[in-house]
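Structure first, commentary second.
Scope of the values below: all heavy atoms of this structure, side chains included, with no hydrogens, waters or symmetry mates.
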Amino acid sequence: RRILMQLSSKAHSSMVYYILQEKLHTPFVNGKANRDNIENAIVQGMYDLDVPPIDQDDVDCVISLVNELIENYGTVDNE
């Protein structure tokens, strides 16, 4: 399966930063980011026109990056 993401790496990074800053990744689920909260926030952002149209591969990439940061560095509050 070929991944065809619509967003740039810069856009992914901006979304990851916003998710962490706004704590949209909490509460944790099994030690990982709360996928449901993040996906709901992204959908709401698209409805509000704050987030550009993205596909599931972009969402998965953003969530993966958030989880990688949590794994390597803890959270913004070092939870």
Side-chain angles (χ1 to χ4, degrees):
R1 176 179 151 201
R2 205 168 116 205
I3 296 176
L4 299 173
M5 291 185 264
Q6 296 181 28
L7 297 182
S8 67
S9 293
K10 184 177 179 179
H12 286 152
S13 297
S14 294
M15 288 182 77
V16 168
Y17 179 77
Y18 182 80
I19 288 165
L20 292 172
Q21 181 181 8
E22 298 299 317
K23 299 181 182 176
L24 300 174
H25 61 294
T26 61
F28 294 115
V29 177
N30 297 323
K32 297 201 179 267
N34 190 317
R35 175 177 278 277
D36 289 340
N37 282 359
I38 294 171
E39 287 183 342
N40 289 339
I42 289 172
V43 169
Q44 186 61 50
M46 288 193 299
Y47 283 134
D48 295 341
L49 304 178
D50 294 328
V51 174
I54 62 174
D55 60 23
Q56 190 62 47
D57 289 327
D58 284 307
V59 173
D60 292 343
C61 180
V62 167
I63 293 171
S64 177
L65 291 169
V66 170
N67 281 325
E68 188 175 317
L69 287 172
I70 290 168
E71 235 177 70
N72 292 329
Y73 304 105
T75 66
V76 182
D77 296 327
N78 289 321
E79 294 178 42

When every non-hydrogen atom of Ala33 is compared with those of Asn67, the smallest separation belongs to N-OD1, 2.7 Å
In short, Val62 meets Val16 closest at the heavy-atom pair O-CG2, 3.8 Å
*Has the side chain of Ser13 got a donor or acceptor atom that lies under 3.5 Å from a matching backbone atom of Ser9?*
yes
query: Under a 4.5 Å cut-off applied to non-hydrogen side-chain atoms, are Leu69 and Val66 in contact?
result: no
Of all heavy-atom pairs linking Met15 and Ile54, the shortest is CE-CD1, 4.1 Å
By side chain to side chain contact (heavy atoms under 4.5 Å, CB included), Ser8 pairs with (sequence neighbours left out) Lys10, Ala11
| said: Quick check on the hydrophobic clustering: are Met46 and Tyr18 connected, directly or via other members, by side-chain heavy-atom contacts under 4.5 Å? | reply: yes
Are Val29 and Ile19 co-members of a hydrophobic cluster defined by side-chain heavy atoms under 4.5 Å apart?
no
OG (Ser64) and CG (Asp57) are apart, to the nearest 0.5 Å, by 11.5 Å
Open item on the list: Using a 3.5 Å distance criterion without hydrogens, assess whether the side chain of Asn30 forms a donor-acceptor pair with backbone atoms of Lys32.
Closed with: no
CD (Glu68) and SG (Cys61) are apart, to the nearest 0.5 Å, by 9.5 Å
Residue pairs meeting salt bridge (Lys or Arg N to Asp or Glu O under 4.0 Å), one or both in residues 37-50, sequence neighbours left out, come to Arg35-Glu39
dist His25:NE2 -> Ile70:CD1 (nearest 0.5 Å) comes out at 5.0 Å
Between Asn37 and Pro27 the two heavy atoms that sit nearest each other are ND2-CD, 3.6 Å
When rounded to the nearest 0.5 Å, the distance separating CG of Leu24 from CG of Asn40 is 10.0 Å
### Message
If hydrophobic clusters are built from ILVMFWY residues whose side chains come within less than 4.5 Å, do Leu49 and Ile42 share one?
### Response
no
